[in-house]
Amino acid sequence: MGAISALLHEIIKDQQPPAQSGSKPVWRTTPWQGSTLAPILMDLLEGLNAPQQEAVKHGDGPLLIFAGAGSGKTRTLTRRVAHLIRERRVLPSRILAVTFTNKAAREMRERLEQLVGPQASRIWMGTFHAMCAQMLRISGHYIGIDARFVIFDTDDSTRLIKDILREENIDSDRYPPGRVLGRISDAKNNLRSPDDMTGTVKGPYERVVARLYAKYQERLRASRALDFDDLLGEAVRLLEASAEAREYWSERFLHILIDEFQDVNLAQFRWVQLLAQKHRNICVVGDDDQSIYAWRGANVKIILDFENTYTDAQVIRLEQNYRSTQNILDAAHGVISNNLGRKPKQLWTDIDAGVNLTLHGTTNASEEASWVVQQVRRLQRERDYNLADFAILCRVNAQSRPYEEAFMQARVPLKLVGTQRFYERKEIKDLIAYLKVLYNPYDNIALTRIINVPARGIGGVTIQKLDLAARESGRSMCDVILDESTADVVGGTARLKIASLRKLLQSLQNAAGEEVTIVGLLQKIIEETGYLQYLQQERTTESIDRTANVQEFLAAAALFDARLQAVPEATLSTLPEQPEEYGEAQRDEQAPFLGLFLESVTLDSEVEKAPGENSDAVTLMTLHSAKGLEFPIVFLVGMEQGLLPHARALWGEQAGADQLEEERRLCYVGLTRAREQVFLVYASQRTLYGRTEWTQPSQFLDEMPGQLLQRSGHAKLGATSARQSASDWDKPAANGSTFKPATSASATPPKFGVGDRLKHPSFGEGLVVSASAGGGPGEWVEVAFLAEGIGKKKLAVAYAPLEKVAD
DNA sequence: ATGCACGTACTTTTT
DNA sequence: GTACGTGCAT
């Protein structure tokens with residue numbers, strides 16, 4: 001569980017007896033299965049190739065490791081950390097190892113336990129967000145951050161933006177909350193304050209966003225809340241603004257290691273730089289070819305520029321692949337080598353060529369799905385594969401429906417990964433919101449979330465009044481509600497409702513003071529609010545699920561309690577190797593557990609699986625979720641123009657080479673997940689979002705060496721071979737014969753062109769001022785509407801109800 | 001204040 | 001196709 005699990009690890013491990021001194025050296029080549037108490041004295045260089053060994057042995061100073069897919073990255077990284085500890089005698093507590101996901105952090109910690117024993121728990125290891133949160137809880141006071149801050153997730157942030165839009169009377173159609181939040185997030189990731197943004201506004205739109213950003217920050221602070229981006233940004237601000245904090249923290253870690261470095265944003269990099277400024281022992285590991293999160297602020301340029309930023313950096317390339325057959329690697333390389341913005345490199349393997357990749361075309365998505373099921377069954381018959389050996393990778397979640405149907409029909413178990421996350425379910429978020437209010441009464445977002453859930457007759461108008469009263473008196477809404485003298489801003493029956501809410505809150509606050517377990521507190525909440533009855537009255541099918549989710553949540557909370565209570569309270573405020581600072585850290589007296597619990601649920605969405613849930617099944621997931629995983633057999637489905645590469649990268653508003661290159665990396669990530677065999681599948685006709693369109697096979701298929709592809713189904717017809725080299729696509733077409741969906745015989749022609757007159761039911765008549773090159777699902781037009789106050793709008797032709805008008 | 005009906009919009013999702 | 005949000009009626 002993120003920072004908390006890191007912390008718990010430290011706490012729990014400290015309870016265990018120290019490692020036996022004088023225990024026998026043990027040499028092992030297989031994963032170690034024994035007790036975690038004895039350090040394993042295996043040779044840390046054993047079984048590593050030359051560049052890997054070099055990476056492990058590298059001494060002081062910056063180190064950049066380009067670690068290709070399947071090149072033994074985690075292995076190298078963990079061995080390096082172990083080497084630092086065992087050979088170079090670096091105290092574990094003075095090593096910082098940062099990952100992007102909790103899963104990666106857990107995995108690394110487990111592996112390190114095998115290499116160095118229990119002292120692994122003392123390494124600062126976790127996600128950027130968790131590490132920054134921890135730093136801010138400890139030292140945030142230097143820059144005025146309350147140690148009891150709560151963390152807003154995206155949902156909380158969106159609610160806050162909506163509130164602000166409503167207050168500011170800004171049309172949320174012109175300023176969609178998600179978009180605004182995206183702009184704010186971009187700014188934060190690039191360490192730009194509201195003032196910075198205001199100073200450089202380019203137009204009226206940005207001016208409004210900058211104002212909203214300022215408001216948003218103001219409201220976050222008033223709620224004693226930090227959003228995800230703030231955790232990074234404020235940690236940077238802390239290190240920049242406070243010499244004392246900077247002094248301490250840059251002294252604290254002697255070695256810093258960053259995983260998935262291709263995905264860092266500026267804030268993250270800056271944070272690392274500040275921490276590493278003294279010793280410059282910064283080791284970064286990544287693969288520019290696997291950077292697929294640019295849309296979330298990741299900046300590949302940082303890894304590409306690392307050698308310029310640290311001119312003395314040693315650069316190591318891990319290009320030997322231990323996962324895939326040479327054919328798979330060749331196909332992958334054929335694709336990725338078309339990217340211009342990358343470091344030249346090429347994976348190779350000792351494993352033999354293996355079988356060809358299969359390219360199969362079908363008529364539509366449901367045929368595509370049933371063909372895949374058949375292949376799964378065939379392969380299972382021919383060789384003894386488990387279902388878990390198969391993965392179906394898609395570009396968008398919307399592709400999953402036909403698969404669910406086909407697998408259901410064929411009675412082959414199918415597991416959908418990463419669809420909806422546990423802590424994001426409404427019922428869970430409601431309960432968490434109750435906890436948040438109890439932990440931090442300033443959290444108005446949490447309060448408004450639960451103020452009328454379950455329904456207790458408090459509606460929008462009342463909430464507005466309370467909110468106004470709160471802000472006018474500079475207090476929290478919770479305060480206003482709890483204070484009888486101020487709550488009478490509302491009149492009539494609402495006053496009674498507020499009175500009973502007051503009683504509820506008071507009672508829960510008492511419970512929070514008395515209850516020593518999270519489960520106990522949650523049970524009180526559920527009981528006093530009648531939450532289960534509320535769930536049950538809703539609808540039968542869903543309410544069963546939701547009730548079960550609540551039970552699961554209680555179980556997770558109980559597990560948390562059990563872990564925490566296995567540990568004397570005193571250890572909570574004292575971490576190993578840590579001078580006073582920790583003791584002084586303002587940990588809450590009343591609710592230490594609550595704070596830890598809340599942090600773990602917002603920073604770590606991964607919920608521990610109940611045992612027995614690991615039944616054998618085929619996995620279906622997006623390419624994004626597949627990063628870092630591997631499967632013997634991989635199906636890349638929906639290999640079509642408009643899906644992979646996605647329409648938005650191809651024909652969308654900001655389509656461009658960068659976007660196309662990211663799609664290509666996505667394709668590359670997909671291919672390199674496979675150990676033995678890849679099936680590339682497409683459908684000539686696809687229904688997406690209720691609309692059926694003709695499709696073209698993906699241009700990326702043309703980038704794979706043709707002799708590696710075994711064609712079947714429609715692919716035998718050679719539909720893809722007519723196409724020119726797809727790299728022509730990156731540049732403007734040189735001549736008329738170059739393939740282009742807009743001009744290709746079978747692609748959907750665009751419905752509108754520049755200069756066309758059209759009509760929209762709500763905006764009225766307008767003139768097309770610019771338009772996408774192609775037709776089909778990605779077609780868009782920019783329309784200048786004639787009516788006053790509407791202005792120009794970009795519209796997706798597939799979705800907007802546009803009618804052509806004769807001029 | 002709540003419930004229903006219609007219209008509308010639509011990638012990816014580590015934290 | 002469906003989920004969500006707005007607007008209207010109760």
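Just so it is clear, the values below take in all heavy atoms, side chains as well, and ignore hydrogens, waters and symmetry mates. In what follows, chains carry the letters A, B, and so on, assigned in the order in which the sequence lines appear, proteins first and then strands, with residues in each chain numbered from 1. Just so it is clear, the structure is predicted and the values come from calculations on it, not from any experiment.
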Nucleotide N/O to protein N/O under 3.5 Å, stretch nucleotides 3-8 of chain C:
none

Between protein and nucleotides 2-5 of chain B, what N or O pairs are separated by less than 3.5 Å?
unit_1 : atom_1 : unit_2   : atom_2 : d
B:dT2  : OP1    : A:Gly457 : N      : 3.4
B:dT2  : OP2    : A:Asn452 : ND2    : 3.0

Using a cut-off of under 3.5 Å, enumerate the N/O to N/O pairs linking the protein to nucleotides 13-15 of chain B.
unit_1 : atom_1 : unit_2   : atom_2 : d
B:dT13 : OP1    : A:Thr622 : OG1    : 2.4
B:dT13 : OP1    : A:Ser625 : OG     : 3.4
B:dT13 : OP2    : A:Asn397 : OD1    : 3.3
B:dT13 : O2     : A:Arg296 : NE     : 2.8
B:dT13 : O2     : A:Arg296 : NH2    : 3.4
B:dT14 : OP2    : A:Arg421 : NE     : 3.3
B:dT14 : OP2    : A:Arg421 : NH1    : 3.1
B:dT14 : O5'    : A:Arg421 : NH1    : 3.1
B:dT15 : OP1    : A:Asn102 : N      : 3.2
B:dT15 : OP1    : A:Asn102 : ND2    : 2.9
B:dT15 : OP2    : A:Ser605 : OG     : 3.0
B:dT15 : O3'    : A:Leu603 : O      : 3.1
B:dT15 : O2     : A:His129 : NE2    : 3.4
B:dT15 : N3     : A:Arg296 : NH2    : 2.4
B:dT15 : O4     : A:Arg296 : NH2    : 2.2

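As rounded to whole Å, 12 Å separates atom P of B:dA9 from atom CZ of A:Arg179. For the pair A:Glu640 CD and B:dT11 P, the interatomic distance rounds to 17 Å; values are reported in whole Å. In this structure, CG of A:Leu416 is placed 13 Å from P of B:dT12, rounded to the nearest angstrom. Rounded to a whole Å, the CG atom of A:Leu688 is 18 Å from the P atom of B:dA9. Nucleotide C:dG1 holds its P atom 11 Å from the CZ atom of A:Arg691, rounded to whole Å. When rounded to the nearest whole Å, the span between CZ of A:Arg174 and C1' of B:dT8 equals 18 Å.
Here the NZ-CD1 distance, from A:Lys436 to A:Ile432, works out to 7.5 Å after rounding to the nearest 0.5 Å.
In terms of the side chain to side chain contact (heavy atoms under 4.5 Å, CB included) criterion, A:Glu110 has no residue partners (sequence neighbours excluded). Evaluation of the salt bridge (charged side-chain N to carboxylate O under 4.0 Å, His left out) rule for A:Arg192 yields no partner, not counting sequence neighbours. Listed by chain and number, the residues in a salt bridge (charged side-chain N to carboxylate O under 4.0 Å, His left out) with A:Asp153 are A:Lys429 (sequence neighbours excluded). In this view, A:Arg395 and A:Glu663 satisfy the salt bridge (charged side-chain N to carboxylate O under 4.0 Å, His left out) rule, not counting sequence neighbours. Partners of A:Asp259 according to the salt bridge (charged side-chain N to carboxylate O under 4.0 Å, His left out) rule, which considers only residues two or more places apart in sequence or in another chain, are A:Lys73. Legend: residues meeting side chain to side chain donor-acceptor pair (under 3.5 Å) with A:Ser366, ordered by chain and number and at least two apart, are A:Asn364. A:Glu405 meets the side chain to side chain contact (heavy atoms under 4.5 Å, CB included) test with A:Arg401; sequence neighbours excluded.
At a threshold of 4.0 angstrom between heavy atoms, the contacts of A:Gly460 are confined to the sugar-phosphate backbone, with no base atom among them. A:Gln399 comes within 4.0 angstrom of no nucleic acid atom, judged by non-hydrogen atoms across all strands.
Contact annotation: the side chain of A:Arg449 never approaches that of A:Ile445 to less than 4.5 Å [non-hydrogen atoms, C-beta and beyond].
Among pairs with a residue in residues 159-187 of chain A, those fulfilling ring-ring contact (aromatic ring centres under 6.0 Å, His included) read A:Tyr175-A:Tyr205, at least two apart in sequence or across chains. Screening residues 456-466 of chain A for salt bridge (charged side-chain N to carboxylate O under 4.0 Å, His left out) gives no qualifying pairs among residues at least two apart or on separate chains.
The aromatic ring of A:His646 stacks onto the base of B:dT11, its centre lying under 5.5 Å from the centre of the six-membered base ring with the two planes under 30° apart.
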